[in-house]
Amino acid sequence: MFSAAELSRGIAVTDDREAVAVGRAHGLEVHGTVWLLARASQDGKLNEVAAGNIVDALIATGMRLPCSGSTFGPYVRRHGCP
């Protein structure tokens, strides 16, 4: 994943804190799933409710995220994502 981001001058997306630290230490732009959903919402590709539904669906699979679907909007605004 980091190789692809580096070669394409793209953004790596991972929720693994250690991987984020490694990527950033090597000069990559690295963000997590909540950032990705916030970016899609900001760009008009998803509305806030749809992004929140995705958050809830991911949580239902066992993924740990810093907010729930219902708190997605306030979380993103509070933390300045993206």
Side-chain angles (χ1 to χ4, degrees):
M1 163 188 42
F2 287 157
S3 297
E6 184 175 25
L7 290 173
S8 65
R9 297 177 192 215
I11 299 169
V13 177
T14 181
D15 291 303
D16 182 310
R17 288 183 187 181
E18 290 178 19
V20 169
V22 169
R24 287 182 179 162
H26 287 88
L28 294 175
E29 184 175 353
V30 185
H31 297 284
T33 301
V34 171
W35 175 88
L36 180 65
L37 293 170
R39 181 76 181 260
S41 182
Q42 179 185 36
D43 291 347
K45 292 177 172 61
L46 288 174
N47 63 39
E48 195 172 290
V49 172
N53 289 339
I54 293 171
V55 168
D56 284 338
L58 291 170
I59 290 170
T61 69
M63 186 172 189
R64 293 182 303 186
L65 293 171
C67 61
S68 67
S70 63
T71 62
F72 172 78
Y75 178 87
V76 166
R77 287 186 287 280
R78 184 171 57 250
H79 292 281
C81 303

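Heavy-atom basis, side chains included; hydrogens, waters and symmetry copies ignored.
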Enquirer: Quick one: does any side-chain atom of Asp15 pair with a main-chain N or O of Gly32 as donor and acceptor, under 3.5 Å?
Expert: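 Pair absent, no side-chain N/O of Asp15 close to backbone of Gly32.
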Enquirer: Would you say that Glu48 contacts Arg77 through its side chain, given a criterion of any heavy-atom pair below 4.5 Å between the two side chains?
Expert: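 Yes, side chains in contact.
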Enquirer: Could you report the tightest heavy-atom contact between Ala51 and Phe72, atom names first, then the distance?
Expert: CB-CE2, 3.5 Å
Enquirer: Mind checking whether Val30 and Ile11 have side chains closer than 4.5 Å, heavy atoms only?
Expert: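 Sidechains of Ile11 and Val30: no contact.
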Enquirer: Atom CD of Glu29 and atom CD of Glu6: how far apart are they, to the nearest 0.5 Å?
Expert: 13.5 Å
Enquirer: Is the side chain of Ser41 donor-acceptor paired with the backbone N or O of Leu37 at a distance under 3.5 Å, no angle test?
Expert: no
Enquirer: Apply side-chain contact (heavy atoms from CB on, under 4.5 Å) to residues Trp35 and Val76 and explain how you reach the verdict.
Expert: CA-CA 8 Å; Trp35 175 88; Val76 166; over 6 Å; no
Enquirer: Does the Asp16 side chain pair with the main chain of Glu18, one donor and one acceptor, at a distance under 3.5 Å?
Expert: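 Pair found, side chain donor or acceptor close to backbone of Glu18.
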Enquirer: Are Leu28 and Val20 connected into the same hydrophobic cluster when the rule is that any two of I, L, V, M, F, W, Y join if their side-chain heavy atoms are below 4.5 Å apart?
Expert: yes
Enquirer: Could you state the interatomic distance from SG (Cys67) to CG (Asp56), rounded to the nearest 0.5 Å?
Expert: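 Cys67 SG to Asp56 CG: 9.0 Å, rounded to 0.5 Å.
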Enquirer: Met63 vs Val55, test: side-chain contact (heavy atoms from CB on, under 4.5 Å). Steps then yes/no.
Expert: CA-CA 9 Å; Met63 186 172 189; Val55 168; over 6 Å; no
Enquirer: Surrounding CZ of Arg17 (heavy atoms of other residues, nucleotides or ligands, distance under 6.0 Å), is the total greater than 12?
Expert: no
Enquirer: Enter the distance from Leu46:CG to Ile54:CD1 here, rounded to the nearest 0.5 Å.
Expert: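 Reported value, rounded in 0.5 Å steps: 4.5 Å.
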Enquirer: CZ of Arg39 to SG of Cys81: how many Å apart, nearest 0.5 Å?
Expert: 12.0 Å
Enquirer: Using every non-hydrogen atom in the two residues, find where Pro66 and Val34 come nearest and quote the distance to one decimal.
Expert: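 Pro66 and Val34 have their closest heavy atoms at CD-CG2, 3.9 Å.
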Enquirer: So which heavy atom on Thr33 is nearest to which on Val13, and how close?
Expert: N-CG1, 4.1 Å
Enquirer: For the residue pair Tyr75 and His79, categorise the inter-ring angle as parallel (less than 30°), tilted (30 to 60°) or perpendicular (more than 60°).
Expert: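 Answer is tilted, since the angle falls between 30° and 60°.
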